[in-house]
Amino acid sequence: MKPIELLRSDTPACRELLHFNNAGSSLQPRPVTDAVVQHLLLEQTVGGYEAAQANADASERFYTAFAALLNCNPREIAYVENASRGWNLLLQAIPFEVGDHIVTGVSEYASNYLSLLHLAKTQGVIIDIVPNNELGQIDLEKLEAALDDNVRLVALTHIPSQSGVIHPAAEVGRLCQQRRILFLLDACQSAGQTELDVNEIHCDMLTGSGRKYLRGPRGTGFMYVRHSILDFLKPATVDLSAISWLQRDHFEWRDDARRFELFEHYVAGKIGLAIAAQYALDNNIAETSAAIQRLGHSLRQQLSRISGVRIHDPGFMAEASQCEHLGGIVTFDTPLSAETLQQRLQAQSINSSVLRQRNTRLEFEERGLGDINRASVHYFNTEAEITRFCNAVKQAIA
């Protein structure tokens with residue numbers, strides 16, 4: 001990992017801003033922004049199609065960069081407009097039958113669960129929700145008990161948006177592999193925050209976002225599809241770039257993950273996301289992941305010492321030197337409303353987020369939580385910023 005001074009030099013906003021909203025949208029490093037701007041200027045100068053042709057190699061590096069990030073073949077990678085779009089494309093491509101079961105966790109991302117609910121209403125599938133254990137992770141024993149012959153898919157969010165918990169994706173993947181059940185992993189918060197090896201995780205499909213811990217442009221995402229299941233999936237829509245039109249009344253799908261792509265896409269964003277993935281690789285994800293976990297634990301510890309603050313990340317122990325199941329997303333509440341605290345912090349150029357109960361009904365209703373605050377750190381943040389943040393929280397609620 002680069003020295004912290006260089007990382008922050010690559011992140012100009014650090015000079016004026018304390019950014020603890022990386023789980024929402026992180027700050028782009030300078031090389032990412034430069035790549036996007038340069039391509040947009042080229043489009044302005046020579047035209048959109050011509051710019052895409054001139055920068056074809058830069059666009060193509062998206063596939064090799066993400067293949068390296070996920071330890072897979074470039075042919076198993078596709079570009080999508082955002083993670084939710086990619087997740088839904090994969091869900092809709094699975095040929096479900098009435099009565100098929102989909103198993104998911106209580107921490108599932110809201111849009112994902114709503115898509116499952118829609119599928120249940122329109123196609124007659126059955127959703128089984130597995131509870132979490134005392135650490136807030138999906139209960140593996142109860143998951144294993146739920147995996148019978150009727151289960152077609154297990155869908156899991158690796159790191160929920162509403163807590164710092166890192167779910168045991170590899171263990172879930174092994175259970176699915178043993179039973180030949182499809183495994184779809186939402187890696188929106190884990191891509192760039194933790195190491196991701198699709199072969200160790202044993203997932204068949206994975207989706208992720210560009211704007212979060214990967215520090216890429218908004219409106220960008222990626223998808224992984226294991227090649228061995230590709231022909232089993234039937235995309236719900238057809239695009240000219242996804243097929244070969246062989247005869248007037250006959251076409252064949254591409255034989256790689258790009259069968260899920262569209263011809264018209266955000267070329268500048270795709271190039272910027274490729275740069276972001278390479279930037280993450282160049283900084284050694286094992287090292288940056290350790291830094292994120294260390295900063296997240298430090299933030300929880302310091303917040304927990306403030307009178308009136310309650311930490312809501314399951315299994316957090318202030319006296320521990322580290323909580324291995326928790327990452328850089330920190331959730332808490334104070335005597336103030338979550339929105340009021342966020343506004344008071346923002347007035348001091350401190351970015352954070354509010355988690356709404358209505359967007360996390362499965363977990364928050366079960367845990368008896370309302371709207372709460374979220375602060376999410378990245379490797380370019382510092383201990384000094386954590387101290388400043390906690391002092392600002394303390395002053396705001398005094």
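Along the sequence shown, residues carry numbers from 1. Since the model is a prediction, treat every value here as computed from it, not as a measurement.
The backbone N or O of Val125 sits nowhere less than 3.5 Å from a side-chain atom of Arg152 that would complete a donor-acceptor pair. Judged purely by atom type and a 3.5 angstrom limit, Glu76 has no side-chain atom pairing as donor or acceptor with the backbone of Asp256. Of the possible donor and acceptor atoms, none in the side chain of Arg8 sits under 3.5 Å from a partner among the backbone N and O of Pro3. Side chain of His325 to backbone of His167: no donor-acceptor contact under 3.5 angstrom is found. Counting only distance, with no hydrogens or angles, the side chain of Arg259 and the backbone of Arg254 share a donor-acceptor pair below 3.5 Å. Panel note: side chain His297, backbone Ala320; a donor-acceptor pair is recorded below 3.5 Å. Checking side-chain atoms of Asn150 against main-chain N and O of Gly99 turns up no donor-acceptor pair under 3.5 Å. Counting only distance, with no hydrogens or angles, the side chain of Ser59 and the backbone of Asn55 share no donor-acceptor pair below 3.5 Å. Using modelled atom types, no side-chain atom of Thr11 and backbone atom of Ala13 make a donor-acceptor pair closer than 3.5 Å. Using a distance-only test at 3.5 Å, with no hydrogens or angles considered, no donor-acceptor pair links the side chain of Ser163 to the main chain of Asp313.
With salt bridges taken as basic N to acidic carboxylate O contacts below 4.0 Å, one links Glu144 and Arg179. Salt bridge present: Glu383 and Arg294 bring a charged side-chain N and a carboxylate O closer than 4.0 Å.
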TODO: I would like to know whether Asp371 and Phe364 meet side-chain contact (heavy atoms from CB on, under 4.5 Å); could you show each step before the answer?
DONE: CA-CA 9 Å; Asp371 294 353; Phe364 276 21; over 6 Å; no
- Task: Any chance you could lay out the side chain to side chain donor-acceptor pair (under 3.5 Å) test for Glu108 and Thr157, step after step, and finish with the verdict?
- Result: CA-CA 5 Å; Glu108 192 62 22; Thr157 292; 3.2 Å; yes
Run His312 and Asp333 through side chain to side chain donor-acceptor pair (under 3.5 Å) and show every step you take.
CA-CA 8 Å; His312 290 297; Asp333 68 4; 3.2 Å; yes
- Query: Between Ser376 and Tyr213, is a side-chain contact (heavy atoms from CB on, under 4.5 Å) present by the stated rule, with each step listed?
  - Reply: CA-CA 10 Å; Ser376 45; Tyr213 279 89; 3.5 Å; yes
### Task
List the steps, then state whether side chain to side chain donor-acceptor pair (under 3.5 Å) holds for Asp197 with Asn71.
CA-CA 5 Å; Asp197 184 325; Asn71 189 27; 2.9 Å; yes
**OP:** Show the numbers, then the answer: is there a side-chain contact (heavy atoms from CB on, under 4.5 Å) between Val106 and Glu366?
**Re:** CA-CA 9 Å; Val106 74; Glu366 183 177 288; 3.8 Å; yes
Could you please spell out the steps behind the side-chain contact (heavy atoms from CB on, under 4.5 Å) verdict for Ser244 and Phe251? CA-CA 5 Å; Ser244 294; Phe251 70 84; over 6 Å; no
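From Gln92, atom CD reaches atom NE2 of His118 across 8.0 Å, with rounding to the nearest 0.5 Å. The line from CD1 of Ile271 to CD of Glu60 is 11.0 Å long, rounded to the nearest 0.5 Å. A distance of 4.0 Å separates OG of Ser298 from CD1 of Ile386, quoted to the nearest 0.5 Å. Of the inter-residue distances, the one linking Leu114 atom CG with Leu119 atom CG reads 12.5 Å to the nearest 0.5 angstrom. The CD1 atom of Ile329 sits 6.0 Å away from atom OG of Ser161, with the distance rounded to the nearest 0.5 Å. We find the CZ-CG distance between Phe263 and Asp239 to be 8.5 Å, quoted to the nearest 0.5 Å.
Taking the six-membered ring for Trp and thresholds of 30 and 60 degrees, Phe66 and Phe62 have ring planes inclined between 30 and 60 degrees apart.
Leu262 and Leu90 fall into different hydrophobic clusters, defined by Ile, Leu, Val, Met, Phe, Trp and Tyr side-chain heavy atoms under 4.5 Å apart, directly or through other members. Hydrophobic clustering, with ILVMFWY side chains joined whenever heavy atoms are under 4.5 angstrom apart, groups Phe232 together with Met205. Under a hydrophobic clustering in which Ile, Leu, Val, Met, Phe, Trp and Tyr are joined whenever their side-chain heavy atoms come within less than 4.5 Å, directly or via other members, Val393 and Leu295 fall into the same cluster. A single hydrophobic cluster is not seen to contain both Ile292 and Leu196; linkage of ILVMFWY side chains at heavy-atom distances under 4.5 Å, directly or through other members, places them apart. No path of Ile, Leu, Val, Met, Phe, Trp and Tyr side chains, each step under 4.5 Å between heavy atoms, connects Leu89 with Leu70, placing them in separate hydrophobic clusters.
Looking at every heavy atom in both residues, Met1 comes nearest to Ala291 through CE-CB, 4.3 Å. Closest heavy-atom contact between Leu299 and Cys390: CD1-SG, 3.9 Å. Gln301 approaches Phe316 most closely through the heavy-atom pair N-CZ, 3.7 Å. Here the shortest heavy-atom pairing between Gly105 and Ile138 reads CA-CD1, 4.1 Å. When all heavy atoms of Ala191 and Phe222 are compared, the pair lying nearest together is CB-CZ, 3.8 Å. Pairing each heavy atom of Arg215 with each of Ser26, the nearest pair is CG-OG, 3.6 Å.
Side-chain contact between Ile94 and Leu233 is present, with at least one heavy-atom pair separated by less than 4.5 Å. At a threshold of 4.5 Å between non-hydrogen side-chain atoms, the residues Asn112 and Asn88 do not count as touching. Considering only heavy atoms from C-beta on, Arg374 stays 4.5 Å or farther from Ser352 through its side chain. Contact of the Leu69 side chain with the Leu281 side chain is registered, since non-hydrogen atoms from C-beta on lie closer than 4.5 Å. Side chains of Phe96 and Leu91 form a contact here, defined as non-hydrogen atoms less than 4.5 Å apart. Cys72 places a side-chain heavy atom less than 4.5 Å from the side chain of Tyr224. Between Leu143 and Val172, the closest side-chain pair of non-hydrogen atoms falls below 4.5 Å. With contacts defined as side-chain heavy-atom distances shorter than 4.5 Å, the pair Leu369/Gln357 does not qualify.
Residues that satisfy the side chain to side chain contact (heavy atoms under 4.5 Å, CB included) test with Leu18, not counting sequence neighbours, are Phe20, Ile350, Glu385, Arg388, Phe389. For Asp149, the salt bridge (charged side-chain N to carboxylate O under 4.0 Å, His left out) criterion is met by no residue, not counting sequence neighbours.
With respect to Thr104, the side chain to side chain contact (heavy atoms under 4.5 Å, CB included) criterion is satisfied by exactly one of Leu153, Val130, Ile129: Ile129. When Glu324, Gln293, Gln189 are each tested for a side chain to side chain contact (heavy atoms under 4.5 Å, CB included) with Ile166, only one passes: Gln293.
Around NZ of Lys2, the count of heavy atoms belonging to other residues, nucleotides or ligands within 6.0 Å exceeds 12. In Gln53, the CD atom is not crowded: 12 or fewer heavy atoms of neighbouring residues, nucleotides or ligands sit closer than 6.0 Å.
Outside the 6.0 Å centre-distance limit, the rings of His202 and Phe183 are not counted as a close aromatic pair.
The cationic group of Arg258 lies under 6.0 Å from the six-membered ring centre of Tyr63 and within 45° of the ring axis, placing it in a cation-pi geometry.
A donor-acceptor pair shorter than 3.5 Å can be found between the side chains of Asn132 and Ser107.
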